[in-house]
Structures are given as C-alpha cells and as structure tokens.
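Written below as structure tokens is the structure these notes are about.
Bear in mind the structure is a predicted one, so any value in this text is a computation, not a measurement.
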Amino acid sequence: MSPSDLPLQRANADLAFAPQLGPEAMAAVAAAGFRSVINNRPDGEGGPEQPLSATVQAAAQAAGLQYAHLPVLGSMQTPEQARAMAELLATLPKPILAFCRSGARSARLCALASEFAPR
C-alpha cells in the first residue's frame, strides 16, 4: 500500500481520520508523514477478520509510529473517553491519524474532545 492509497479525511494539518486500517497499512501511514496512530475500534467488533489492536500496534511501532488504543462504541462516546482522547491529541506527536470502522466515530470523538482540550 502506498500513502496515496490511504483512505484519509483530513480535519487539519495535525489530524486525519480513516476507516479500519490493518497492520499492512502502517508503513504507508508513516510514509504519508503521520507520527502517531489512534485506534478507536474495540477488538473483535468487526468479527474475526478485524485485526487485533496488538497486531496493528506492533506494525505501527515497527514503522516508527506512536500508537494508542482508545476503544469506544460506535453508538456512544462518554465524557471520560472524550477526556482521554483530548489527552492523546495533546500529547502524541503530530500529525495524528485516528481510525475506527468508518472514520466517523473517531471524528465525533475528536469533536467531543475539543471541549476538554487544554486552553
């Protein structure tokens, strides 16, 4: 996979969203200039074909990326999860790529996280 094949939706220069990414995509994510990845999808949500977070984490780290797993349900994000996302967005090296099943959950979580961002 090349960086141009990544299904990205940019929020701004420091943040983008993507649908489910597997370990095979992590080198392309790094080549696209990202420094960190946040996985917002719970393990097993997509069944056995969904890669486990630990597998994606190993590939991300091998590609030189920072990795965080903040699993949230697609139907609801809690204030605690929004605070945790705000902390990740404030502390992980930028630019950051957040992903979930479609990218929408990660985008919603980041929007909620802005309420808790350090001022």
Side-chain angles (χ1 to χ4, degrees):
M1 175 179 278
S2 73
S4 63
D5 294 329
L6 291 170
L8 303 178
Q9 179 182 14
R10 286 234 178 232
N12 56 50
D14 288 335
L15 182 62
F17 309 108
Q20 175 71 59
L21 296 173
E24 71 285 349
M26 292 301 108
V29 170
F34 290 95
R35 296 181 59 210
S36 302
V37 174
I38 302 172
N39 177 356
N40 293 129
R41 198 162 188 204
D43 275 345
E45 176 185 66
E49 67 277 356
Q50 178 187 337
L52 294 175
S53 176
T55 305
V56 179
Q57 179 177 7
Q61 290 173 336
L65 297 162
Q66 294 290 314
Y67 181 88
H69 187 213
L70 178 58
V72 297
L73 296 177
S75 59
M76 184 180 85
Q77 293 83 47
T78 68
E80 293 77 17
Q81 291 166 330
R83 280 188 201 93
M85 188 66 153
E87 178 69 20
L88 290 172
L89 294 173
T91 59
L92 286 172
K94 293 173 182 58
I96 298 169
L97 177 59
F99 74 89
C100 58
R101 186 188 65 75
S102 70
R105 176 183 342 178
S106 294
R108 282 192 311 270
L109 188 59
C110 286
L112 290 171
S114 67
E115 297 177 26
F116 300 100
R119 306 260 185 244

Cluster overlap [X] with [Y], hydrophobic side-chain contacts below 4.5 Å:
| X | Y | answer |
| --- | --- | --- |
| L6 | L65 | yes |
| F99 | L109 | no |
| L8 | Y67 | yes |
| L97 | M26 | yes |
| L70 | L92 | yes |

| Take atom CD in Q61; do more than 12 heavy atoms of anything else shown fall under 6.0 Å from it? |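 Yes, CD of Q61 has more than 12 neighbouring heavy atoms, counting only those of other groups under 6.0 Å.
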* Asked: Should the heavy atoms of other residues, nucleotides or ligands under 6.0 Å from CZ of R108 be counted, would the total exceed 12?
  ->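 Enclosed.
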Mind listing the closest non-hydrogen atom pair of [X] and [Y] along with its distance?
| X | Y | answer |
| --- | --- | --- |
| Q81 | P71 | NE2-O, 3.6 Å |
| S36 | P93 | OG-O, 2.6 Å |
| P7 | L21 | CD-CD2, 4.4 Å |

[X] side chain vs [Y] backbone, donor-acceptor pair below 3.5 Å:
| X | Y | value |
| --- | --- | --- |
| R35 | G64 | no |
| T55 | P51 | no |
| S114 | A111 | yes |

Checklist line | Value rounded to 0.5 Å, distance of CG in N12 from NZ in K94 | finding: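 The distance works out to 9.5 Å.
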In this structure, CD1 of I96 is separated from OG of S106 (nearest 0.5 Å) by 11.5 Å
[X]: what forms a side chain to side chain contact (heavy atoms under 4.5 Å, CB included) with it, not counting sequence neighbours?
| X | answer |
| --- | --- |
| S102 | A104 |
| C110 | L15, F17, M85, L89 |
| L112 | Q77, A82, E115 |
| E49 | none |

Practice problem: State which residues pass salt bridge (Lys or Arg N to Asp or Glu O under 4.0 Å) with E45; sequence neighbours excluded, sorted by chain then number. | Solution: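 Once residues adjacent in sequence are excluded, the partners of E45 under the salt bridge (Lys or Arg N to Asp or Glu O under 4.0 Å) criterion are R41, R105.
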Looking only at side chains, do D43 and S53 share a donor and an acceptor under 3.5 Å apart?
->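 Judged by distance alone, the side chains do not pair up.
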With sequence neighbours left out, the residues meeting side-chain hydrogen bond (donor to acceptor under 3.5 Å, both in side chains) with Q50 are none
